[in-house]
Protein chains: 2
Amino acid sequence: MRIGELSRRTGVPTRLLRYYEEQHLLHPERAGNGYRSYPESAVARVGQIRGLLDSGLTTEMIRAILPYLCGPGHLVPAPEDVPAQTAALLQGHIDRIQSRIDCLARNRDRLTAYLAAVRPGGR
Amino acid sequence: MRIGELSRRTGVPTRLLRYYEEQHLLHPERAGNGYRSYPESAVARVGQIRGLLDSGLTTEMIRAILPYLCGPGHLVPAPEDVPAQTAALLQGHIDRIQSRIDCLARNRDRLTAYLAAVRPGGR
DNA sequence: TCGAAGCCTCACATCAGTGTGAAGGTCAAG
DNA sequence: CTTGACCTTCACACTGATGTGAGGCTTCGA
């Protein structure tokens, strides 16, 4: 599929699809005329990218974890050639994500508690 | 306390403390000589701000929720003058935060699953 | 064959968060 | 009284994510 259709189906402007490519988050092939050609799976991939970007991750972090995120089951990088160091890096990313979750959950709880304390009495 | 001490105690550069003030996240008083004067509580407040910023929230969103985040117990805005509309806005923020948490948790789980599938077999 | 629509690259603009430095005022300690 | 540490404002610069437009191809349908 070409960039226009991908844009329509994901709701992401073509400008950003090209940007994600520049950031090595997407790797479309090129047709003979130079047009980008995306596989069907790009729709889901763009969804992933948007979700993570909207959740405050940088393209750099997304680039680091994206290869290991392609859905349950088919492990994309062969388990064999995953050096221990890569596993450690990955664990680091997991930890950072967990920290964010903790911080957000903590503050969500505070807001919820505030709301609960106010609403019953509020007009 | 003045800006230098606050910076030292929080590890946040003075530049950013001034920026947060410009963004209406901090409201130090001014001494006679023009120096900013922060209350003791500013240390915790700056911690809050940093955590949320590091978790990917914008200063705009932080500004919106910060008043309701001052710890359990003393509800800062009097519950009486919290109009229903404010409660609705707040609920919207909570929902957005929850979406982020969900997305991050989902992807954390994927990474963890990948790691679990790879590590036992990995060298 | 012509025009419109879609694609290409390039480049400048914006916003948020931050770094850095200049030019100058305040104050305490030597 | 001077020096040095601390404070002030102002301003320019960078990065990351994104908007926008120019100039020029390709492709397709009337």
Side-chain angles (χ1 to χ4, degrees), chain A residues 1-39 42-43 45-66 93 96-97 99-100 103-104, chain B residues 1-39 42-43 45-66 93 96-97 99-100 103-104:
Chain A
M1 122 190 44
R2 285 177 306 176
I3 200 171
E5 184 182 347
L6 182 57
S7 172
R8 245 171 285 119
R9 288 177 60 184
T10 59
V12 175
T14 60
R15 171 67 175 89
L16 289 189
L17 295 176
R18 298 199 182 95
Y19 175 67
Y20 298 155
E21 178 180 355
E22 188 183 313
Q23 297 299 307
H24 302 104
L25 301 180
L26 295 175
H27 320 89
E29 298 188 338
R30 293 299 180 123
N33 53 13
Y35 287 11
R36 290 169 177 81
S37 173
Y38 298 88
V43 176
R45 195 177 176 92
V46 170
Q48 273 285 338
I49 294 171
R50 282 307 325 171
L52 293 169
L53 230 27
D54 288 343
S55 296
L57 299 207
T58 64
T59 56
E60 183 184 1
M61 202 166 166
I62 297 173
R63 177 167 51 248
I65 65 176
L66 204 49
H93 286 300
R96 267 187 295 280
I97 291 176
S99 302
R100 288 180 176 228
C103 178
L104 292 174
Chain B
M1 128 189 42
R2 285 177 305 176
I3 201 171
E5 184 181 347
L6 182 58
S7 172
R8 245 171 283 118
R9 288 177 58 185
T10 59
V12 174
T14 59
R15 171 68 175 88
L16 289 189
L17 296 177
R18 297 198 181 97
Y19 175 66
Y20 298 155
E21 177 180 358
E22 189 183 313
Q23 297 299 307
H24 303 104
L25 302 180
L26 295 176
H27 321 90
E29 297 187 339
R30 295 299 181 122
N33 53 12
Y35 288 13
R36 290 169 178 81
S37 174
Y38 298 88
V43 176
R45 195 176 175 93
V46 170
Q48 274 285 339
I49 295 171
R50 283 305 325 171
L52 293 170
L53 230 27
D54 288 343
S55 297
L57 299 207
T58 64
T59 54
E60 183 184 0
M61 200 164 169
I62 298 174
R63 176 166 53 247
I65 66 176
L66 203 49
H93 286 301
R96 268 188 294 281
I97 291 176
S99 302
R100 288 182 176 227
C103 179
L104 292 174

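Since this is a predicted model, take the numbers as computed values, not measurements. Here is the naming used below: chain letters follow the sequence lines, and residue numbers restart at 1 for every chain.
Taking atom CG of residue B:Asp54 and atom P of nucleotide C:dA16, one finds them 18 Å apart after rounding to whole Å. Between the CG atom of B:Leu53 and the C1' atom of D:dG16 there is a distance of 14 Å, given to the nearest Å. Distance, A:Leu25 CG to D:dG16 P: 13 Å, rounded to whole Å. Remark: C1' of C:dA16 and OH of B:Tyr19 are 5 Å apart, rounded to the nearest angstrom. B:Glu21 has its CD atom 11 Å from the C1' atom of D:dT8, to the nearest Å. Rounding to whole angstrom units, CD of residue A:Gln23 and C1' of D:dG16 are separated by 8 Å. Whole-Å rounding puts the B:Tyr38 OH to D:dC7 P distance at 10 Å. Atom CG in B:Asn33 sits roughly 9 Å away from atom C1' in C:dC27 (whole-Å rounding).
In the set C:dT26, D:dT18, C:dC8, D:dT18 carries the atom at the smallest distance from any side-chain atom of A:Tyr20. Comparing atom distances between the A:Arg2 side chain and each of C:dC7, C:dC8, D:dT18 picks out C:dC7 as nearest. Checking D:dT18, D:dC6, C:dC8 against the side-chain heavy atoms of B:Tyr35 singles out D:dC6 as nearest. If you check D:dG19, D:dT8, C:dC7 against the side chain of B:Ile3, the one that comes closest is D:dT8.
Listed for the B:Arg96 side chain is no donor-acceptor partner under 3.5 Å among the backbone atoms of B:Met61.
Place B:Thr14 and A:Thr59 on DNA chain D by their nearest nucleotides, and B:Thr14 ends up nearer the 5' end.
Contacts of B:Arg30 with the nucleic acid, taken as non-hydrogen atoms under 4.0 Å apart, involve only primed sugar atoms and P, OP1 or OP2.
For the pair A:Leu17 and A:Leu26, the tightest heavy-atom approach, listed with the atom from each and the gap, is O-CD1, 3.9 Å.
A salt bridge links B:Glu21 with B:Arg30: the distance from a Lys NZ or Arg NE/NH1/NH2 to an Asp or Glu carboxylate oxygen falls below 4.0 Å.
The base of C:dT20 is paired with the side chain of B:Arg15 by a donor and an acceptor separated by under 3.5 Å.
A distance of 12.0 Å separates CD1 of B:Ile65 from CD of B:Glu60, quoted to the nearest 0.5 Å. Here B:Gln48 contributes atom CD and B:Leu53 contributes atom CG; the two are 12.0 Å apart, rounded to the nearest 0.5 Å.
Look at A:Arg18 and you won't find any side-chain N or O under 4.0 angstrom from OP1 or OP2 of D:dT20.
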